[in-house]
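Read through the structure below, which is laid out as structure tokens, and then see the notes.
Labels below follow one simple rule: chain letters A, B, ... track the order of the sequence lines, proteins then strands, and each chain is numbered from 1.
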Amino acid sequence: DAKTTQPTSMDCAEGRAANLPCNHSTISGNEYVYWYRQIHSQGPQYIIHGLKNNETNEMASLIITEDRKSSTLILPHATLRDTAVYYCIVSPYNQGGKLIFGQGTELSVKP
Amino acid sequence: DTAVSQTPKYLVTQMGNDKSIKCEQNLGHDTMYWYKQDSKKFLKIMFSYNNKELIINETVPNRFSPKSPDKAHLNLHINSLELGDSAVYFCASSQTIAGTDTQYFGPGTRLTVL
């Protein structure tokens with residue numbers, strides 16, 4: 001079973017920041033937080049991951065709370081092409097790459 | 001160049017048949033995976049291979065048999081297909097089995113069992 005809780009759906013206006021929350025209150029010390037997204041009819045795509053520090057790359061920023069029980073994925077300037085299901089995944093470093101996907105958040109970016 | 005490719009993209013077949021799905025990655029990765037996404041859109045890992053060795057087998061029925069002839073290929077053979085096998089099957093690869101290595105997914109194979 002997935003160890004994360006995410007809202008089922010969210011809307012965002014094009015050009016605005018999209019903030020996608022994720023709750024992972026039972027996260028263990030050796031578990032990372034990963035974000036993937038799945039655009040309709042495509043395979044999942046990696047976005048970002050982190051352990052306890054905030055992370056930023058060309059796609060997004062990941063903010064992890066100090067107690068690590070929740071995190072937020074930020075898409076700074078959402079575009080229509082960011083419409084997708086976003087998955088927050090918690091998994092240890094040494095579990096052979098096993099990712100357990102939950103239901104994810106369906107993000108709709110609207111013009 | 002497609003990083004992770006799968007064939008076929010669509011597969012329609014009758015119950016009881018045997019079918020195979022092929023996956024190839026040109027990224028030079030050591031680890032490959034099979035995931036299943038059912039009609040409710042839940043994505044579940046089935047198998048992973050590292051350097052042609054089975055690492056993860058997630059209580060999948062033994063009608064499903066993965067085969068890795070080399071590091072760049074991971075095929076999935078399914079015997080005696082059942083209605084419940086209808087799903088989208090995704091192949092993925094990563095540099096190593098380390099959880100922090102990005103997994104690159106293929107475009108999926110939509111299997112429909114009639």
Please tell me if the side chains of B:Lys44 and A:Phe101 come closer than 4.5 Å, counting only heavy atoms from C-beta onward.
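B:Lys44 does not reach A:Phe101 side chain to side chain.
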Would you say that more than 12 heavy atoms from the other residues, nucleotides or ligands in this model lie under 6.0 Å from the [atom1] of [X], or not?
{"X": "B:Glu58", "atom1": "CD", "value": "yes"}
{"X": "A:Glu106", "atom1": "CD", "value": "no"}
{"X": "A:Arg68", "atom1": "CZ", "value": "yes"}

Please report the shortest heavy-atom distance between [X] and [Y], naming the atom on each side.
{"X": "A:Tyr34", "Y": "B:Thr100", "value": "OH-N, 3.4 Å"}
{"X": "B:Tyr35", "Y": "A:Leu99", "value": "OH-CB, 3.6 Å"}
{"X": "A:Tyr87", "Y": "B:Lys41", "value": "OH-O, 3.8 Å"}
{"X": "A:Tyr36", "Y": "B:Gln103", "value": "OH-N, 3.0 Å"}

Which atoms of A:Pro44 approach chain B - backbone, side chain, both or neither, heavy atom under 4.5 Å:
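Answer is both: backbone and side chain atoms of A:Pro44 are under 4.5 Å from chain B.
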Which atoms of [X] come close to chain A, meaning under 4.5 Å heavy atom to heavy atom: side chain ones, backbone ones, both, or neither?
{"X": "B:Tyr33", "answer": "side chain"}
{"X": "B:Ser94", "answer": "neither"}
{"X": "B:Leu43", "answer": "both"}

Are B:Leu111 and B:Met15 grouped together when hydrophobic residues (ILVMFWY) are joined by side-chain heavy atoms under 4.5 angstrom apart?
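Yes, because B:Leu111 and B:Met15 connect within a single hydrophobic cluster, where side-chain heavy atoms sit under 4.5 Å apart.
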Could you tell me the separation between the NE2 atom of A:His49 and the OG1 atom of B:Thr102, rounded to the nearest 0.5 Å?
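So the NE2 of A:His49 and the OG1 of B:Thr102 are separated by 7.0 Å.
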